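Data block below; observations after.
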Amino acid sequence: MPTMSRREAAFCRSTIWGAFARRVVLPWALQGVRPEGQILEIGAGGGVMAVELLAANPDVSMVVTDFDDAMVAAATTRLASFAHRADARRADATVLPFADDSFDMVLSWIMLHHTLAWETALAEAIRVVRPGGHVVGYDLLDTAPLRLLHQAEGSAVRMMRFDELRSVARRLPAEQVILTSSLGGLAVRFLLRKQTPGRAETSRAADTPGR
């Protein structure tokens, strides 16, 4: 699994991104879902979003993972004040080192396109969340401006198309799938609730217009 470019990594650790994440990105990305219990964040970078989530939700604990050792070190430092309920670890999002049904929620913030095998990473996220728990996140869509940006950065990425994500999500063991095209079609938010054994499906898929 590839790592971010140096410029992307620096931005993820910046105070500018931290302020924007706290005020705008996190509330938008959570899509009204209240964080609770034990939470896993995959591809967490320097831990900016995790810090904001932990600060706003004193009753949750988190495991924060990234494939890049430098990002794990940065997250460990940033999360030091939450050490009693936060742990940063190195992990490949496509082969998560956790048992089935281990977490109450799994979060993925704009990182799946870095995995190249984003379908596998999404399947792993569903595997490790408990039945009835949520996988919540957002990512970039495959558009010409974003392809050019990543080519200029020299980043190894594989962005998704909306219809690809919808097809993959519908094959996962999820009783609810909500996909929202956002930011003028540049990004997609997703919310998947893992299927509960014996419970009737509520909404296999719902696509909402961009906003």
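Quick caveat: nothing in here was measured; it's all calculated off a predicted structure. When reading the values below, keep in mind they use all heavy atoms of this one structure, side chains included, and skip hydrogens, waters and symmetry mates.
- Within the 3.5 Å criterion, the main-chain N or O of Gly132 finds no donor-acceptor partner in the side chain of Glu175.
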Show, in sequence, the C-alpha distance, side-chain angles and deciding distance for Leu79 and Val51, and conclude whether the side chain to side chain contact (heavy atoms under 4.5 Å, CB included) test is met. CA-CA 6 Å; Leu79 293 165; Val51 165; 3.6 Å; yes
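- The two residues Gly137 and Gln31 have their closest heavy-atom pair at O-NE2, 3.5 Å.
- Rounded to the nearest 0.5 Å, atoms CG (Leu192) and CD (Gln176) are 9.0 Å apart.
- To the nearest 0.5 Å, atoms CG (Asp92) and CG (Asp66) are separated by 10.5 Å.
- Of the inter-residue distances, the one linking Met105 atom CE with Met62 atom CE reads 10.0 Å to the nearest 0.5 angstrom.
- Separation of atoms OG1 (Thr143) and CE (Met159) is listed at 6.0 Å; rounding is to 0.5 Å.
- Considering only residues two or more places apart in sequence or on other chains, Arg158 meets the side chain to side chain contact (heavy atoms under 4.5 Å, CB included) condition with Leu116, Trp118, Glu119, Glu164.
- Under the 4.5 Å side-chain heavy-atom criterion for Ile, Leu, Val, Met, Phe, Trp and Tyr, Val95 and Val63 are members of distinct hydrophobic clusters.
- A heavy-atom distance below 4.5 Å is not found between the side chains of Leu140 and Leu186.
- For Ala56, the side chain to side chain contact (heavy atoms under 4.5 Å, CB included) test picks out no residue, with sequence neighbours left out.
- Two residues are said to be in side-chain contact when any heavy atoms from C-beta on lie closer than 4.5 Å; Leu141 and Leu165 fail this criterion.
- Heavy atoms only, all atoms of each residue included: Ser182 and Arg189 are closest at OG-NE, 3.7 Å.
- A distance-only check finds no donor-acceptor pair linking the side chain of Lys194 to the backbone of Gly133 [under 3.5 Å].
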Just do the side chain to side chain contact (heavy atoms under 4.5 Å, CB included) check on Leu53 and Leu107 with the steps written out, would you? CA-CA 11 Å; Leu53 190 145; Leu107 307 175; 3.6 Å; yes
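- The main-chain N or O of Val177 is never found under 3.5 Å from a side-chain atom of Arg170 such that the two would form a donor-acceptor pair.
- The side chain to side chain contact (heavy atoms under 4.5 Å, CB included) test applied to Ala121 returns Ala93, Thr94, Leu112, Thr115, not counting sequence neighbours.
- Remark: Ala29 pairs with Trp109, Tyr138 by the side chain to side chain contact (heavy atoms under 4.5 Å, CB included) rule, at least two apart or across chains.
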What's the verdict on side chain to side chain contact (heavy atoms under 4.5 Å, CB included) for Leu191 and His134, showing C-alpha distance, side-chain angles and the deciding distance? CA-CA 7 Å; Leu191 188 156; His134 290 89; 3.5 Å; yes
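- Arg85 pairs by the salt bridge (charged side-chain N to carboxylate O under 4.0 Å, His left out) definition with nothing, not counting sequence neighbours.
- The two residues Ala75 and Gly45 make their nearest non-hydrogen contact at CB-O, 3.8 Å.
- Every residue was checked against the side-chain hydrogen bond (donor to acceptor under 3.5 Å, both in side chains) condition with Asn57, not counting sequence neighbours, and none meets it.
- Applying the side-chain hydrogen bond (donor to acceptor under 3.5 Å, both in side chains) criterion to Ser167, with sequence neighbours excluded, gives Arg171.
- Looking at heavy atoms from C-beta onward, Pro35 lies in side-chain contact with Leu30 at the 4.5 angstrom threshold.
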Walk me through it: do Asp139 and Met160 pass the test side chain to side chain contact (heavy atoms under 4.5 Å, CB included)? CA-CA 8 Å; Asp139 218 287; Met160 62 186 69; 4.2 Å; yes
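- Nearest heavy-atom pair across Met111 and Ile42 is CG-O, 3.5 Å.
- Under a 3.5 Å cut-off, the side chain of Arg127 and the backbone N or O of Leu96 do form a donor-acceptor pair.
- For the pair Arg90 (side chain) and Val72 (backbone), a donor-acceptor distance under 3.5 Å is absent.
- Ion pairing between a basic and an acidic side chain is recognised when a charged N comes within 4.0 Å of a carboxylate O; Asp59 and Arg34 show such pairing.
- Taking Ser61 as the reference, Gln38 meet the side-chain hydrogen bond (donor to acceptor under 3.5 Å, both in side chains) condition, with sequence neighbours excluded.
- For the ring pair (Phe, Tyr, Trp, His ring centres under 6.0 Å) test, residues two or more places apart in sequence or in another chain that qualify with Phe98 are Phe103.
- With sequence neighbours left out, Asp104 forms a salt bridge (charged side-chain N to carboxylate O under 4.0 Å, His left out) with Arg130.
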